[in-house]
Amino acid sequence: GIQVEQSPPDLILQEGANSTLRCNFSDSVNNLQWFHQNPWGQLINLFYIPSGTKQNGRLSATTVATERYSLLYISSSQTTDSGVYFCAVVDYGGSQGNLIFGKGTKLSVKP
Amino acid sequence: ETGVTQTPRHLVMGMTNKKSLKCEQHLGHNAMYWYKQSAKKPLELMFVYSLEERVENNSVPSRFSPECPNSSHLFLHLHTLQPEDSALYLCASSQGTLTSGYTFGSGTRLTVV
């Protein structure tokens, strides 16, 4: 099945700093999503981005499908950005609707 | 609120109990899912329902039994669970299973004692 790798596994930032999170995947995809899981466990869909670039406020994401990676940019980080960021792709070769998650990047933003 | 509501938020149950988790989506989606998130493990798919038909059972033990009475509601019936089944159970919905974003609920944190 498809493999999803995220880096870095852990990231500590000072409030106001910028960061880039990376997601590599082992096969071509038509469905890639970025999620933020807050400390209470809720998973929030940040972007559905199988290709191209999208922006939403201080967050933006870019997927280069031909090179099998996606990047999530966080600018002017805030303490509320803390949590775990997951990249996930649909495995078309496996179970229908199976969203394969990476292990996540745990982000801590210090005031 | 994300449009997907899960109840209860927390549940503690004994190994001989029977309980049910409930999920309701208000987004008009036609696919719903149960995912399990255990400590130190990636999220893993349990069940997929598309147009109210179960299309995938991802090798889940029979002590977990899903039910999808209509396109807006999804249940997970639990019986004779084991302590290792303690985890965060997340419900999600999407429009189709292939090319759209998934919306997750807040989850039910289950502890089996």
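To find a chain, count down the sequence lines: A is the first, B the second, and so on, and within it residues start at 1.
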When every non-hydrogen atom of A:Phe35 is compared with those of B:Tyr102, the smallest separation belongs to CE2-O, 3.6 Å
In terms of hydrophobic clustering (I, L, V, M, F, W, Y; side-chain heavy atoms under 4.5 Å; direct or indirect links), are A:Phe47 and A:Leu107 co-clustered?
-> yes
At a heavy-atom separation under 4.5 Å, does B:Gln37 approach chain A through its side chain, its backbone, both, or neither?
-> side chain
Whether over 12 other heavy atoms sit under 6.0 Å from A:Glu15 CD = yes
Does any N or O in the side chain of A:Asn45 come within less than 3.5 Å of the main-chain N or O of B:Thr103, such that one atom is a donor and the other an acceptor?
-> no
Identify whether B:Trp34 and B:Val4 are in the same connected component of the hydrophobic contact network (ILVMFWY, side-chain heavy atoms under 4.5 Å).
-> no
Determine whether B:Val112 and B:Val60 fall in the same hydrophobic cluster, where Ile, Leu, Val, Met, Phe, Trp and Tyr are linked whenever their side-chain heavy atoms lie under 4.5 Å apart.
-> yes
Which heavy atom of A:Tyr48 sits nearest a heavy atom of B:Gly101, and at what distance?
-> CD1-N, 3.7 Å
Check whether any side-chain N or O of A:Asn31 sits under 3.5 Å from a backbone N or O of B:Ser100 as a donor-acceptor pair, and report yes or no.
-> yes
Same cluster for B:Tyr33 and B:Phe64 if Ile/Leu/Val/Met/Phe/Trp/Tyr side chains link at under 4.5 Å?
-> no
Exceeds 12 heavy-atom contacts within 6.0 angstrom, atom CD of B:Glu53 | no
Which value, rounded to the nearest 0.5 Å, describes the distance between A:Ile100 atom CD1 and B:Glu44 atom CD?
-> 10.0 Å
Checking heavy atoms, do the side chain of B:Leu90, its backbone, both or neither come under 4.5 Å from chain A?
-> side chain
Spacing of A:Leu43 atom CG and B:Tyr35 atom OH [to the nearest 0.5 Å] | 10.5 Å
A:Tyr73-A:Leu46 co-clustered via ILVMFWY side chain contacts under 4.5 Å = no
Checking heavy atoms, do the side chain of A:Phe86, its backbone, both or neither come under 4.5 Å from chain B?
-> side chain
What part of B:Ser94 gets closer than 4.5 Å to chain A, counting heavy atoms only: side chain, backbone, both or neither?
-> neither
